[in-house]
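Notes follow the structure.
All of these numbers come straight from a predicted model, not from anything done at the bench.
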Amino acid sequence: STPAKKPPPTKKKPAQPRGPVTASLPVLKSELELQAISWAPAAGDRLAVINGNIVREGASLEGYVIMQIDKDEVAVQKGAEQWKLVFDLK
């Protein structure tokens, strides 16, 4: 029998720089609607509600990855492109 292949080791992501990295990102104005943010100093305690779904940093939703949750916006990535979600005040 053939020995089972081991999965390649996972690379650790470099630490995110502190401060809002979303400032330079374009605003995504379709597909995803930011409805609420529960921000906390610890990244693992941050939540956002997008399209009725509660998500944390690192989660995937409708093909987008939640990159960072800030106090008033959320950075998302799809493929190589990144955007930010902001509250749509009507």
Where [X] and [Y] come nearest, the two heavy atoms and their spacing:
| X | Y | result |
| --- | --- | --- |
| I66 | R56 | CB-O, 3.6 Å |
| A48 | I69 | N-CD1, 3.8 Å |
| V65 | G58 | CG1-O, 4.2 Å |

Hydrophobic clustering (ILVMFWY, side-chain heavy atoms < 4.5 Å, transitive) - are [Y] and [X] grouped together?
| X | Y | result |
| --- | --- | --- |
| L34 | W39 | yes |
| F87 | L28 | yes |
| V74 | L61 | yes |
| V27 | L32 | no |

Okay, side chain of [X], backbone of [Y]: is any donor-acceptor separation there less than 3.5 Å?
| X | Y | answer |
| --- | --- | --- |
| N51 | E31 | yes |
| E73 | A75 | no |
| E33 | I50 | no |

Q. Stepwise, does the side-chain contact (heavy atoms from CB on, under 4.5 Å) test hold for V76 with K84?
A. CA-CA 6 Å; V76 297; K84 64 183 171 185; over 6 Å; no
Q | Pair listing, ring pair (Phe, Tyr, Trp, His ring centres under 6.0 Å) test, anchored in residues 57-86, at least two apart | A |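 Non-adjacent pairs meeting ring pair (Phe, Tyr, Trp, His ring centres under 6.0 Å): Y64-W83.
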Q.
Evaluate D70 against I37 for side-chain contact (heavy atoms from CB on, under 4.5 Å), listing each step before the verdict.
A. CA-CA 8 Å; D70 286 323; I37 290 176; over 6 Å; no
Q: Take D72 and V86 through the test side-chain contact (heavy atoms from CB on, under 4.5 Å) and record every step on the way to the result.
A: CA-CA 7 Å; D72 57 0; V86 296; over 6 Å; no
Q: Apply side-chain contact (heavy atoms from CB on, under 4.5 Å) to the pair R46 and E57, showing each step before the final yes or no.
A: CA-CA 7 Å; R46 299 176 194 161; E57 291 181 2; 3.1 Å; yes
